Amino acid sequence: MTHSFSSKLPDVGTTIFTVMSQLAAETGALNLSQGFPSFDPPAELTDRISWHLNHGANQYAPMPGISALREAIAEKTSRIQGRALNVDTEITVCTGATEGLFSAITALVRTGDEVIVFDPAYDSYEPAVALAGGVTRHVPLLIDENGHDFHPDWQRLGETINDKTRLIILNFPHNPTGAILSAEEIQVLAGLVRETNCYLLSDEVYEHIVFDGEPHRSLLSHDELWERSMVICSFGKTFHATGWKLGYCAAPAHLTTEFRKVHQFTTFAVSTPMQHGIADFLTSDPGFYEALPAFYQEKRDYFCKLLAESRFRLLPARSTFFQIVDYGDISDEDDVTLAKRWTRDIGVASIPLTVFCETPFTGPRLRLCFAKDDATLEQAAERLCRI
Ligand code: PMP
Ligand code: GLN
């Protein structure tokens with residue numbers, strides 16, 4: 001007897017990050033596609049984790065996270081965003097932002113609910129919404145008249161919100177464009193949701209990588225928006241440790257209760273020695289993440305300088321560790337085909353932007369990760385300048 005299998009995610013293939021990293025590995029290309037640093041986490045941090053591994057921190061952690069880490073997160077949030085989080089009821093440590101996002105969406109979205117995302121949208125949001133029975137509505141980021149800067153289309157957002165809208169997912173600092181929100185835009189958002197019942201899920205994994213002296217404007221810092229928000233952060237970007245998969249969800253108590261109902265059965269608890277090590281390090285050395293904007297801004301500027309002689313047009317990177325390049329003067333091929341072809345032929349892997357959009361509107365653009373040692377950036381730029 002043959003069984004026909006009806007997929008719950010019929011339109012979902014393998015994520016572009018896996019596709020491009022695999023192609024880079026197969027072809028020996030420089031991998032500027034999937035976003036991860038080529039440098040190590042600080043030795044003081046790995047020393048603390050090793051210490052805890054060797055001193056008994058090897059059994060289940062409490063479901064919401066160890067208290068020392070939640071206290072360290074609360075201290076950081078209070079200092080940077082001015083919000084005093086309740087350590088017991090408003091912070092949950094999770095298995096990277098990916099689990100946090102999935103648990104939040106699962107906790108909030110019911111069958112038939114609408115969820116709004118801004119395109120280009122990180123690729124984990126829509127499948128999670130679909131699995132929860134929701135429907136994703138896409139609002140594009142607008143490109144300014146110079147074809148440069150990306151900003152949410154607030155008017156479209158206002159037109160898209162309706163009685164079925166349960167959740168709006170925001171991601172600022174934004175992957176892949178580096179867009180950030182201004183203080184005025186946060187007020188606009190507050191005005192648009194004020195009379196609605198919708199919740200906000202704010203993916204802030206790049207909270208510590210914002211350039212040119214701009215602050216990170218978290219939804220945590222806005223009293224009115226905070227009441228309806230779940231904010232997801234990750235230590236992966238902050239500590240050059242994307243492979244550790246450790247993050248947290250900050251949300252008011254009534255939302256944290258719902259978040260934990262899902263989190264406890266998605267993963268239950270997160271690696272114990274890692275939590276202890278990160279708690280020690282966060283408490284002892286805030287200087288590490290305070291230095292990240294300058295560290296990555298220097299990388300950005302160096303990479304842009306190296307690419308100055310190329311035929312690419314470089315868009316301003318205001319945050320994150322990604323540079324968007326416009327290849328309109330070089331080729332009219334679609335971005336997915338071109339990203340794969342240049343991985344093979346040029347030896348540099350990138351990420352195409354259209355895969356993050358319902359309607360491709362982002363133009364002839366690719367994303368390059370500059371979280372790499374200078375030698376890799378130099379070699380990549382040399383190859384890109386030859387095109
Ligand atoms: N959201 C965004 C916007 C990301 O770029 C990433 C990848 N780092 C994640 C979520 C997932 O983060 P994590 O690796 O902590 O699961
Ligand atoms: N966030 C990373 C990026 O944007 C990739 C994460 C992943 O591979 N799932 O490149």
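Only this structure's heavy atoms are used, side chains among them; waters, hydrogens and symmetry mates stay out. All of these numbers come straight from a predicted model, not from anything done at the bench.
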Run E227 and Y199 through side-chain contact (heavy atoms from CB on, under 4.5 Å) and show every step you take. CA-CA 9 Å; E227 285 304 314; Y199 295 98; over 6 Å; no
Compute whether any side-chain donor of one residue and acceptor of the other, for S103 and E99, lie under 3.5 angstrom apart.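 Distance-only check passes for S103 and E99.
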Does one side chain, of N175 or T320, offer a donor that lies under 3.5 Å from an acceptor on the other?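 Checked: N175/T320 side chains show no N/O donor-acceptor pair below 3.5 Å.
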Between [X] and [Y], is there a donor-acceptor pair closer than 3.5 Å when you use the side chain of the first and the backbone of the second?
X    : Y    : result
N171 : P173 : yes
S221 : R217 : no
R70  : V87  : yes
Y327 : D335 : yes
R228 : C198 : yes
D326 : G328 : yes
S78  : A74  : no
H55  : W51  : yes
S319 : G178 : yes
Q323 : L315 : yes

Output all residues satisfying side chain to side chain donor-acceptor pair (under 3.5 Å) with S218, sequence neighbours left out; order by chain, then residue number.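 Expected list: E204.
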Does T165 have any side chain to side chain donor-acceptor pair (under 3.5 Å) partners at least two apart in sequence or in another chain, and if so, which?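 Not a single residue meets the side chain to side chain donor-acceptor pair (under 3.5 Å) criterion with T165.
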May I ask you to test the [X]-[Y] pair for a side-chain heavy-atom distance under 4.5 Å?
X    : Y    : value
L368 : L384 : yes
L181 : P152 : yes
L292 : H240 : yes
V139 : R137 : no
R48  : T283 : no
S234 : Y206 : no
F356 : D123 : yes
D301 : K305 : no

Check [Y] with [X], please: is the shortest side-chain N to carboxylate O separation under 4.0 Å?
X    : Y    : answer
E159 : R156 : no
R341 : E333 : yes
R386 : E382 : yes

Could you pull out all donor-acceptor pairs under 3.5 Å where a side-chain atom in residues 243-251 meets a protein atom, sequence neighbours excluded?
residue : atom : partner : partner atom : Å
K245    : NZ   : T98     : OG1          : 3.3
Y248    : OH   : K76     : NZ           : 3.3

Would you name the heavy atoms of [X] and [Y] that are closest together and state the gap between them?
X    : Y    : answer
V109 : R166 : CA-CG, 4.4 Å
E358 : D119 : N-OD2, 2.7 Å
T27  : R344 : CG2-CG, 4.0 Å
L192 : G158 : CD2-CA, 3.8 Å
I180 : H151 : O-CE1, 4.1 Å

Is there a side-chain contact (heavy atoms from CB on, under 4.5 Å) between E185 and W154? Walk through the geometry before answering. CA-CA 8 Å; E185 286 180 303; W154 297 111; 3.1 Å; yes
Between L108 and L201, does the side-chain contact (heavy atoms from CB on, under 4.5 Å) criterion hold? Intermediate values first, please. CA-CA 10 Å; L108 289 173; L201 176 58; 5.5 Å; no
If the test is side-chain contact (heavy atoms from CB on, under 4.5 Å), which one of D203, L167, V115 qualifies with Y125?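 Of the listed options, the one satisfying the test is D203.
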Ring pair (Phe, Tyr, Trp, His ring centres under 6.0 Å): which pairs involve residues 211-234, sequence neighbours left out?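 Qualifying pairs: none.
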Salt bridge (charged side-chain N to carboxylate O under 4.0 Å, His left out): which pairs involve residues 286-297, sequence neighbours left out?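 Only R79-E290 qualify under salt bridge (charged side-chain N to carboxylate O under 4.0 Å, His left out).
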ILVMFWY network linking [X] to [Y], side-chain heavy atoms under 4.5 angstrom:
X    : Y    : answer
V348 : L366 : yes
L101 : L220 : no
V205 : V210 : no
I169 : I186 : no
F235 : F36  : no

In the hydrophobic cluster built from side-chain contacts under 4.5 Å, what are the other members alongside L9?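 Other cluster members: V12, F102, L131.
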Hydrophobic cluster partners of L142 (side-chain heavy atoms under 4.5 Å):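 Traced through the cluster, L142 reaches no other member.
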Using side chain to side chain contact (heavy atoms under 4.5 Å, CB included) as the criterion, list what pairs up with [X], not counting sequence neighbours.
X    : answer
Q22  : T18, E26
A179 : F150, F172, H174, T177
V355 : I16, V336, P352
S33  : M20, S21, N31, A349, I351

Output, in order, the C-alpha distance, side-chain angles, deciding distance and verdict of side-chain contact (heavy atoms from CB on, under 4.5 Å) for L141 and F118. CA-CA 6 Å; L141 294 184; F118 289 104; 3.8 Å; yes
Quick check on ring-ring contact (aromatic ring centres under 6.0 Å, His included): which of F322, F303, F321, Y302 does Y296 satisfy it with?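 That would be F321; it is the only one of F322, F303, F321, Y302 passing the ring-ring contact (aromatic ring centres under 6.0 Å, His included) with Y296.
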Could you go through the ring pair (Phe, Tyr, Trp, His ring centres under 6.0 Å) check for Y122 and F17 one step at a time? CA-CA 11 Å; Y122 188 64; F17 304 117; 5.8 Å; yes
If you count every heavy atom of other residues, nucleotides or ligands that lies below 6.0 Å from [X] atom [atom1], does the total exceed 12?
X    : atom1 : value
F39  : CZ    : yes
N54  : CG    : yes
Q264 : CD    : yes

Only pairs under 3.5 Å count here: list side-chain donor-acceptor contacts from residues 272-279, not counting sequence neighbours, and write none if there are none.
residue : atom : partner : partner atom : Å
T272    : OG1  : Q59     : O            : 2.4
T272    : OG1  : A61     : N            : 3.2
Q275    : OE1  : I66     : N            : 2.9
Q275    : NE2  : V270    : O            : 2.8

